[in-house]
Amino acid sequence: GCNNEIFRAFGSSSADETFVNTITQGHPSFAYEFNRSAQHLSSCVIVMVNRCNESNAVISHYMPWLNKVNLCQDHINESHLSSKTKTLQESASKIILQHNQMDDLLFQFGEKLFEEQVKVATQRM
């Protein structure tokens with residue numbers, strides 16, 4: 001399946017396809033699984049390619065051996081698709097989020113973690 005890919009990578013039940021693809025906030029173990037996944041995610045260095053300067057600062061601070069990496073300039077496997085790509089219709093977006101509730105929350109957690117890592121990384125600059 002293709003649902004809850006962040007949860008699949010950081011969760012404790014990644015081998016159970018049905019569970020990973022169908023877990024929603026109504027599931028009895030949702031909170032436990034979210035907390036466990038968030039704990040694993042919190043040990044990662046988070047970057048956001050749409051915020052390359054801040055991500056560069058995070059990389060430089062937490063992984064100084066990679067300080068020559070420049071996410072604002074280095075592009076590997078760059079897409080050559082037209083920028084005319086349409087955005088999803090709101091109804092499609094709602095359905096995707098309905099089936100990816102765990103990933104939506106984990107992504108939000110990752111964004112907050114990124115903000116905290118940026119604060120730490122830029123304090124010394």
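None of the values given here were measured: they were computed from a predicted structure.
- Considering only heavy atoms from C-beta on, Phe19 comes within 4.5 Å of Phe7 through its side chain.
- Ile23 has its side chain out of reach of Gln101: every pair of non-hydrogen atoms, C-beta onward, lies at least 4.5 Å apart.
- In this model, a donor atom of one side chain and an acceptor atom of the other lie less than 3.5 Å apart for Arg8 and Asn21.
- Taken from OG in Ser12 to NE2 in His40, the straight-line distance is 7.5 Å, to the nearest 0.5 Å.
- Both Val47 and Met63 belong to a common hydrophobic cluster when Ile, Leu, Val, Met, Phe, Trp and Tyr are linked at side-chain heavy-atom distances under 4.5 angstrom.
- A heavy-atom distance below 4.5 Å is found between the side chains of Glu33 and Met102.
- Atoms CD1 and CG, from Ile95 and Leu88 in turn, are 10.5 Å apart once rounded to the nearest 0.5 Å.
- Residues Trp65 and Val120 fall within the same hydrophobic cluster, defined by Ile, Leu, Val, Met, Phe, Trp and Tyr side chains chained together at heavy-atom separations under 4.5 Å.
- Ion pairing of Lys119 with Glu116 is present here, as a side-chain N (NZ or NE/NH1/NH2) and a carboxylate O approach within less than 4.0 Å.
- At a threshold of 4.5 Å between side-chain heavy atoms, the hydrophobic network of Ile, Leu, Val, Met, Phe, Trp and Tyr places Phe107 and Leu97 in two separate groups.
- Between the Ser55 side chain and the Arg51 main chain, a donor and an acceptor come within less than 3.5 Å of each other.
- Tested against Asn3 for a side-chain hydrogen bond (donor to acceptor under 3.5 Å, both in side chains), the candidates Thr22, Asn100, Asp103 yield a single pass: Asn100.
- A salt bridge between Lys94 and Glu90 is present, with a side-chain N of the basic residue lying under 4.0 Å from a carboxylate O of the acidic one.
- From Gln25, atom CD reaches atom CZ of Phe30 across 4.5 Å, with rounding to the nearest 0.5 Å.
- Residues Ala121 and Ala57 share a closest heavy-atom pair of CB-O, 3.5 Å.
- Judged by distance alone, with hydrogens and angles left aside, the side-chain atoms of Gln117 form a donor-acceptor pair with the main-chain N or O of Cys44 at under 3.5 Å.
- Residues Cys72 and Asn53 meet the side-chain proximity criterion, which asks for heavy atoms closer than 4.5 Å.
- Between Asn67 and Ile59 there is no side-chain heavy-atom pair separated by less than 4.5 Å.
- Distance check, rounded to the nearest 0.5 Å: CG of Leu41 to CZ of Arg36 gives 14.0 Å.
- Annotation: side chain of Ile46 is not in contact with side chain of Phe109 (no heavy-atom distance under 4.5 Å).
- Scanning all heavy atoms of the two residues, the minimum distance from Thr24 to Gln98 falls at CG2-O, 4.2 Å.
- To the nearest 0.5 Å, the span separating OG on Ser37 from OH on Tyr32 amounts to 9.5 Å.
- At a cut-off of 3.5 Å, with distance as the only test, no side-chain donor of Asn35 or Gln39 sits close to an acceptor on the other residue.
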